[in-house]
Q: 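Here it is, the structure in full.
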2 protein chains.
Amino acid sequence: MDYRFRLWLMKDNKKVFGEGPLMLLKKVEELGSLRQAAMSMGMSYSKAWKIMKQIEEELQIQLINRKIGGVAGGGSTITREAKDFINKYEALVASVNKKIEEDINRFFVI
Amino acid sequence: MDYRFRLWLMKDNKKVFGEGPLMLLKKVEELGSLRQAAMSMGMSYSKAWKIMKQIEEELQIQLINRKIGGVAGGGSTITREAKDFINKYEALVASVNKKIEEDINRFFVI
DNA sequence: TGTCGTTATACATTCATAAACATAACGCAT
DNA sequence: ATGCGTTATGTTTATGAATGTATAACGACA
């Protein structure tokens, strides 16, 4: 049986971290700019920006260091805190994924 | 850390079973009609009907026995196959949830 | 000092999805 | 025969989220 799952971290009953933010942060790390990260995912910059803002407010964690203006117009890099966070989230998701694969073959023998 | 988790069963890359259909089937079992089941969930009947139809087509499983007309206008009851299916799905979700709760406290010590 | 690509933000528009609505058929009970 | 509440299905309308557009500020550098 094939499956798909999503796991969100919640705060005050609001989604505060999930697959979208994860991808975004990894792309920022790779590309050095939030705009380029959003573009590379086919996501509008305004949405990407809102996501970052919301998470930072909600979790009280600074995720990216912004630089406005300058040689390449500016850019963003992810913070150590963000790196730690995505490492934890990825480890969690991997662990859960493993569990599902074990179980799904136990329950659905199809 | 609080979380929310959703698991879908897939067929041909399409969502074919998840939390929505599960609730719907349980409500049909409880209330004896797809219309009432949908209403009780604040879901439109047409959507509920489409969900049932799609799953039955996709999984090649008959989920509900329909009766049109008659004493109470008709109604629907869920099949044994559907009962088996929701039992498996619920067991799987419960097992995975347990795992997440263990892990999330291991990873996010917040 | 003007240019560049970025962050930041508000606002308008588009689009996909869901809900509403409409209609037909059904069969038991009165 | 008629009415009732259901299943079945297509069509229309509404809602909300995502996207697009616009504008300002910024600062290194040529």
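Every chain is numbered from 1, with letters handed out A, B, ... down the list of sequences. This one's a predicted model, so the numbers in the text were calculated from it and none came from an experiment.
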Q: Could you work out which one of D:dT19, D:dG10, D:dT6 sits closest to the side chain of A:Ser44?
A: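 Of D:dT19, D:dG10, D:dT6, D:dT19 is nearest to the side chain of A:Ser44.
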
Q: If I take atom CG in residue A:Asn65 and atom P in nucleotide C:dA8, what distance separates them, rounded to the nearest angstrom?
A: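 A:Asn65 atom CG is separated from C:dA8 atom P by 11 Å.
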
Q: Do A:Arg106 and B:Ser95 come close enough that some side-chain heavy atom pair is under 4.5 Å?
A: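 The answer is yes, as the side chains (C-beta and beyond) meet within the 4.5 Å cut-off.
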
Q: Would you classify A:Gly32 as touching base, sugar-phosphate or nothing, given that sugar-phosphate means primed atoms plus P, OP1 and OP2, and contacts are heavy atoms under 4.0 Å?
A: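 Contact class for A:Gly32: none.
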
Q: Which atom names give the shortest non-hydrogen contact between A:Met39 and A:Tyr45, and what distance separates them?
A: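 Shortest heavy-atom contact: CE-N, 3.8 Å.
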
Q: What is the distance from CE of B:Met39 to C1' of C:dA18, rounded to the nearest Å?
A: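 In whole Å, C:dA18 C1' lies 13 Å from B:Met39 CE.
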
Q: Return all side-chain donor-acceptor pairs below 3.5 angstrom for residues 78-86 of chain B, not counting sequence neighbours, or 'none' if the list is empty.
A:
residue: B:Thr79; atom: OG1; partner: B:Gln62; partner atom: O; Å: 2.7
residue: B:Thr79; atom: OG1; partner: B:Leu63; partner atom: O; Å: 3.2
residue: B:Thr79; atom: OG1; partner: B:Ala82; partner atom: N; Å: 3.1

Q: A:Tyr89 vs A:Phe17 aromatic rings, parallel, tilted or perpendicular, using cut-offs 30° and 60°?
A: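 Because their plane-to-plane angle is over 60°, the rings of A:Tyr89 and A:Phe17 count as perpendicular.
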
Q: Can I get a per-line list of side-chain donor-acceptor pairs under 3.5 Å for residues 18-33 of chain B, giving both atom names and the distance, sequence neighbours left out?
A:
residue: B:Lys26; atom: NZ; partner: B:Glu90; partner atom: OE2; Å: 2.6
residue: B:Ser33; atom: OG; partner: B:Arg35; partner atom: N; Å: 3.3
residue: B:Ser33; atom: OG; partner: B:Gln36; partner atom: N; Å: 2.9

Q: Expected output is a numbered-order residue list: members of residues 69-77 of chain B with a heavy atom under 4.0 Å from any atom of DNA chain C. What is it?
A: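 DNA chain C contact set from residues 69-77 of chain B: B:Gly69, B:Gly70, B:Val71.
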
Q: Under the salt bridge (charged side-chain N to carboxylate O under 4.0 Å, His left out) rule, what pairs show up with a residue in residues 49-59 of chain A, not counting sequence neighbours?
A: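 Applying salt bridge (charged side-chain N to carboxylate O under 4.0 Å, His left out) to every pair that reaches into residues 49-59 of chain A, excluding sequence neighbours, yields A:Lys14-A:Glu58, A:Glu56-A:Arg66.
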
Q: A:Tyr3: what forms a ring pair (Phe, Tyr, Trp, His ring centres under 6.0 Å) with it, not counting sequence neighbours?
A: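 None.
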
Q: Rounded to whole angstroms, how far apart are CE on A:Met43 and P on D:dA18?
A: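 For the pair A:Met43 CE and D:dA18 P, the rounded distance is 9 Å.
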
Q: Please produce a list of atom pairs where a protein N or O lies less than 3.5 Å from an N or O of nucleotides 14-17 of chain D.
A:
none

Q: Taking DNA chain D as the partner, which of residues 48-55 of chain A come within under 4.0 angstrom of it by heavy atom?
A: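 Those residues: none at all.
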
Q: Please determine whether a side-chain nitrogen or oxygen atom of B:Arg66 lies at a distance below 4.0 Å from atom OP1 or OP2 of D:dA8.
A: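 Indeed, a polar side-chain atom of B:Arg66 lies that close.
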
Q: In this structure, how many angstroms lie between the P atom of D:dT21 and the OH atom of A:Tyr45, rounded?
A: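 Rounded to whole Å, this separation is 17 Å.
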
Q: For the side chain of B:Ile68, starting at C-beta, report the closest nucleotide among C:dA25, C:dA8, C:dA19.
A: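 Among C:dA25, C:dA8, C:dA19, the one nearest the side chain of B:Ile68 is C:dA25.
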
Q: For A:Thr77, give me all partners under side-chain contact (heavy atoms from CB on, under 4.5 Å), at least two apart in sequence or on another chain.
A: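 For A:Thr77, the residues satisfying side-chain contact (heavy atoms from CB on, under 4.5 Å) (neighbours in sequence not counted) are A:Asn65.
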
Q: Sorted by first residue and then second, give each salt bridge (charged side-chain N to carboxylate O under 4.0 Å, His left out) pair with at least one member in residues 91-102 of chain A; sequence neighbours left out.
A: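 The answer is A:Lys98-A:Glu102, A:Lys99-A:Asp103.
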
Q: Just how far, in rounded Å, is C1' of C:dA18 from NZ of B:Lys15?
A: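 Going from B:Lys15 (NZ) to C:dA18 (C1'), I get 14 Å.
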
Q: Identify the two heavy atoms, one from A:Met10 and one from B:Met1, that lie closest to each other, and give their separation to 0.1 Å.
A: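 For A:Met10 versus B:Met1, the nearest heavy atoms are O-SD, 4.0 Å.
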
Q: I want to check something: taking the side chain as every heavy atom from C-beta on, are A:Lys88 and A:Leu92 in contact at a cut-off of under 4.5 Å?
A: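 Not in contact.
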
